[in-house]
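Structure first, then comments.
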Amino acid sequence: MTESHTPTLQARIVALLRHAVRTVAPDSEAEILLERPRQADHGEFACTLALQLAKTTRRPPRELALALVAAVPPSDLVERIEVAGPGFINVFLTAAAKQSVVTAVLRTSNAWGRVDLGRQRRVQVEFVSSNPTGPLHVGHGRGAAFGASLANILDKAGYRVQREYYVNDAGRQMDILAVSTWLRYLTGFGSRIPFPPNGYQGDYVADMAQRLRHVENTRLVRPDEAVLRGTPGIAVRQADEDQAADDQNETHMDILIANAKSLLGEDYRVVHQLALHEQLADCRGDLEAFGVIFDEWFSEQSLYDDGSVARVVEQLTTAGHVYEQDGARWFRSSAFGDEKDRVVQRENGIFTYFASDIAYHANKLARGFDLIVDVWGADHHGYIPRVKAALMALGLPAERLQVPLVQFVSLYRHGTKAQMSTRKGQFVTLRELRTEVGRDAARFFYVLRKSDQHLDFDLDLAKSESNDNPVYYVQYAHARIHSVLAKWGGDPGLLAQAALAPLHSPQEFALMQWLREYPETIELAAREYAPHMVAFYLKDLAAALHSYYNAVQFLVDDEPLKLARLALITAVATVLRDGLALLGVSAPETM
RNA sequence: GUGCCCGUAGCUCAAUCGGAUAGAGCACCAGCCUUCUAAGCUGGGGGUUACAGGUUCGAUUCCUGUCGGGCACGCCA
């Protein structure tokens, strides 16, 4: 296991306190937890044990605290222990104990902050998983930034992580994209078929149609009358909520799809595959440029091709959890905590998306993951109970599935909320955002708030005043340190041997405190699925560095003092770089 | 209507099992570059943590209710 200094230090303090508890309250089984006080004059660690034990021991907490402190054995780590307030036990470390973190960081380098929360268990993080029917937009960007950062943090916290993208290549949306592309292709050869309002209207569809024309020439052209045969025509909505018109247009689209399939025969697949592969390649390239790399792109269609979907429905049926009603087959999910039963196979014989999702999650568990993390948009929250219900009904460990929800991104342009529609092609793409504000700023901005908090993305602010973005504040701290080291010109590798005794100012101890807290931050962020904690930590660490930078001169004549200070800021740079890397943000050496 | 999430400084947001005087940034006010990067620093004003109860040594945090906002409630994906 990698050296991990902080837990050891904490563990040693806890051991001292446990010794005291055994003396004062032998029957106590309370876990001893250390907290980090907000204020420096409350020491490096605080313990609320006396307050908790007061009730069971029926002794005043303050008196109990004093007894505990008196029973703590002496240690070279501890400067003194105080009792404060109603019964807090505040532990003050010796200067040497505080300084030791600098050496620990320099020796472990990128391994500093590694914790063993995961105990090498295998976890899959599935995220983005957007329909490959158009470019990723800024909403997907949040899921991408969150998922990628979370995966990195889990990796750092001792899990073996697999990153997966679920490709919805089997559904009606893909058919609509294929037909949209085909219709644009036909238009290029003189077709006068009106383009349906519920088709995909973005320019990228016309681009794909042009490539299709280039490759296939007129081979896939069919007469307008045949394409439109049996369609009800396009209805114009008379109001915002015009259900009849919407229904008619959906029917229109369904018949267009059916006509396309029968008119093109095997060649329908050519159009379908072209659209799918173009969009997937686009998506993959887009994400890679965003610093988001997947280990696996898992095809939904493959679950149909290998019979998994049919098989899993049969398993549920055999187990007695499926019944037939109105011609459809229903899974009795209400028997497993869902609020109502759900259709798995429609009256027309087609399996629902839910059915393939059951097969997908059964497949995930069959792959042997100890933990499965699905990053979903907040609009899918009602979907969680039914997936868990299905896993339970199959006798699978549903508790291994965890679903952090990511709230929506609202886009603001010129102070007003921008509408986004994939089908109409009206959205700001992730690619556009990246080009405008840069990858670093976008990645950092996305994880700057809790995932269950709405994110208001002000495009004007992000684009025009990107210097206000806090990411530059953190990167600047890193660049400043490297600037000092470059000016110094010595060998940073030797700094791990520097004597640290000259470091004893409040600012220096504050920086050491932050370095000590990095592993703790990683563990918490991993346990809570909260990458924003890392972002806030980095802002705090950078603030402490900037403050220090302004207060002292590093390249001084006093050689021991100089080396000690350089060792400290080099350790800070190491942690800044590591933390930024977790969030997919670069750590430039000059700015 | 039912379920889930949210409500903290003028604005955008933090707050580690329930802990000590609720913290940052932006904006506002006053200072700091002849010296390692001023994309920085120092100081200041700004709060009934939506509201009303409850639990307890202690509540932004847990429970109940009210008000306000978001999302979901298909044989869509």
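Here is the naming used below: chain letters follow the sequence lines, and residue numbers restart at 1 for every chain.
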>> On a heavy-atom basis, which atom in A:Pro588 and which in A:His478 lie closest, and how many Å separate them?
In response: O-ND1, 2.9 Å

Checking all strands, does [X] fall into the base, sugar-phosphate, or nothing category for heavy-atom contacts under 4.0 angstrom?
| X | answer |
| --- | --- |
| A:Ala46 | base |
| A:Asp338 | nothing |
| A:Tyr476 | base |
| A:Glu523 | nothing |
| A:His42 | base |
| A:Ala84 | base |

> How does protein contact run along nucleotides 72-77 of chain B, one letter per nucleotide 5' to 3', with B for base contact, S for sugar-phosphate only, - for none, heavy atoms under 4.0 Å?
Replying inline: SSSBSB

> Using the rule for Phe, Tyr, His and the six-membered ring of Trp, do A:His532 and B:A14 stack at under 5.5 Å and under 30°?
Replying inline: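 Here A:His532 fails the 5.5 Å or the 30° condition.
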
>> My validator wants the stems of RNA chain B: runs of 3 or more consecutive Watson-Crick or G-U pairs, both distances under 3.5 Å, written as range with range.
In response: B:1-7 with B:67-73, B:10-13 with B:23-26, B:28-32 with B:40-44, B:50-54 with B:62-66

>> Work out how far the C1' atom of B:G23 is from that of B:C76, and round it to whole angstrom.
In response: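 Straight-line distance between the two C1' atoms is 45 Å.
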
> If you measure from the C1' atom in B:U61 to the same atom in B:U8, how many Å do you get, rounded?
Replying inline: 12 Å

If we ignore angles and hydrogens, is there a donor and acceptor under 3.5 Å between the side chains of [X] and [Y]?
| X | Y | answer |
| --- | --- | --- |
| A:Tyr548 | A:Glu508 | yes |
| A:Thr352 | A:Arg342 | no |
| A:Gln173 | A:Asn168 | no |

>> Nearest whole Å is fine: how far is B:C17 C1' from A:Arg36 CZ?
In response: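 Interatomic distance, CZ of A:Arg36 to C1' of B:C17: 15 Å.
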
>> Can you measure A:Lys450 atom NZ to B:C5 atom C1' for me and round it to whole angstrom units?
In response: 11 Å

> How would you label the glycosidic angle of B:C41: syn (within 90° of 0) or anti?
Replying inline: anti

> Is the closest side-chain heavy-atom distance between A:Ile81 and A:Ile89 below 4.5 Å?
Replying inline: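 Result yes, sub-4.5 Å side-chain heavy-atom pair found.
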
> Who passes side-chain hydrogen bond (donor to acceptor under 3.5 Å, both in side chains) against A:Arg59, sequence neighbours left out?
Replying inline: A:Glu63

>> So, does A:Arg480 get its side chain near the phosphate of B:A39, meaning an N or O under 4.0 Å from OP1 or OP2?
In response: no

> Which sits closer to the 5' end of RNA chain B, A:Ile32 or A:Ile89, going by the nucleotide each is nearest to?
Replying inline: A:Ile32

